[in-house]
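First the structure, in the form of structure tokens, and then the observations on it.
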Amino acid sequence: MNDFVKEKGKPPEDGRPGASAGAEATTTNRKRRWRVVAIVTLLAAGVASSFASPHPDGLERVAEDHGFLDQAKEPSWSAWIPDYELPGVPSPWLRVGLAGLIGAALLFGVLYGLGRPLASGRREAAAAGEQDDRRSP
């Protein structure tokens with residue numbers, strides 16, 4: 001049996017009894033693992049972001065050290081979350097924590113959106129390879 005999860009209700013292709021139950025258990029374990037990773041990531045983003053340094057970042061620090069920070073121009077666009085704080089939230093701790101959560105969620109969405117097509121292409125290639133293996137004597 002391959003490592004890919006079979007559709008529920010369909011018998012396993014290899015005909016082994018209980019092969020479908022193993023695939024369902026694997027699916028459940030994977031889902032649980034992803035949920036735990038997501039919760040830990042969101043907690044880390046929300047809590048750890050409040051401990052971020054209040055000092056300027058690298059480029060801003062160099063501009064400050066060399067005396068040309070005051071020559072900076074305003075950007076032509078408005079930042080979604082300026083200074084890593086969510087505007088309009090009264091609590092400073094909550095402003096930073098929510099900004100961290102939103103940043104982590106956006107990053108996950110972008111990576112998921114990019115990774116999903118790549119993973120499905122890999123699955124299709126692996127499935128095609130298995131079909132070739134079954135045909136050969």
Side-chain angles (χ1 to χ4, degrees):
M1 184 174 118
N2 61 20
D3 291 337
F4 304 111
V5 178
K6 306 289 185 206
E7 291 183 39
K8 289 184 180 178
K10 286 190 171 184
E13 290 178 14
D14 61 3
R16 292 184 300 152
S20 171
E24 289 177 20
T26 302
T27 301
T28 303
N29 288 338
R30 284 185 189 155
K31 285 181 181 179
R32 184 177 300 130
R33 191 176 321 140
W34 277 109
R35 286 183 186 133
V36 168
V37 167
I39 290 169
V40 169
T41 301
L42 291 175
L43 282 173
V47 174
S49 60
S50 64
F51 296 105
S53 174
H55 302 293
D57 64 8
L59 292 175
E60 193 173 342
R61 174 65 189 261
V62 169
E64 188 178 277
D65 288 349
H66 292 285
F68 61 90
L69 181 62
D70 58 334
Q71 296 175 4
K73 296 179 182 176
E74 288 295 319
S76 60
W77 49 271
S78 176
W80 295 343
I81 304 175
D83 294 324
Y84 307 108
E85 291 184 351
L86 199 62
V89 178
S91 167
W93 186 84
L94 195 56
R95 261 194 313 249
V96 174
L98 287 173
L101 285 173
I102 291 169
L106 285 173
L107 182 61
F108 173 78
V110 167
L111 292 177
Y112 185 80
L114 292 173
R116 188 74 175 175
L118 295 174
S120 66
R122 200 166 106 192
R123 279 189 213 123
E124 291 170 3
E130 283 183 12
Q131 289 175 355
D132 290 343
D133 290 343
R134 290 182 192 154
R135 291 180 188 159
S136 63

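More than 12 non-hydrogen atoms from other residues, nucleotides or ligands lie less than 6.0 angstrom from CG of L111. When the shell of 6.0 Å around CZ of F68 is examined, it contains more than 12 heavy atoms from other residues, nucleotides or ligands. The local environment of CG in D83 is sparse, with at most 12 non-hydrogen atoms from other residues, nucleotides or ligands closer than 6.0 Å.
To the nearest 0.5 Å, the span separating CG on L98 from CH2 on W93 amounts to 8.5 Å. L106 contributes atom CG, which lies 7.0 Å from atom CD1 of I81 (distance to the nearest 0.5 angstrom). Atoms CZ and CG, from R61 and D65 in turn, are 4.5 Å apart once rounded to the nearest 0.5 Å. The distance from atom CD1 of I102 to atom CG of L42, rounded to the nearest 0.5 Å, is 11.5 Å.
Annotation for A45 and G100: closest pair CB-O, 3.5 Å, computed over non-hydrogen atoms. Scanning both residues, R95 and P90, for their nearest heavy atoms gives NH1-O, 3.8 Å.
At a threshold of 4.5 Å between side-chain heavy atoms, the hydrophobic network of Ile, Leu, Val, Met, Phe, Trp and Tyr places L86 and L101 in one connected group. Neither V47 nor V89 shares a network with the other; the hydrophobic side chains, linked directly or stepwise wherever heavy atoms of I, L, V, M, F, W or Y lie under 4.5 Å apart, form separate groups for each.
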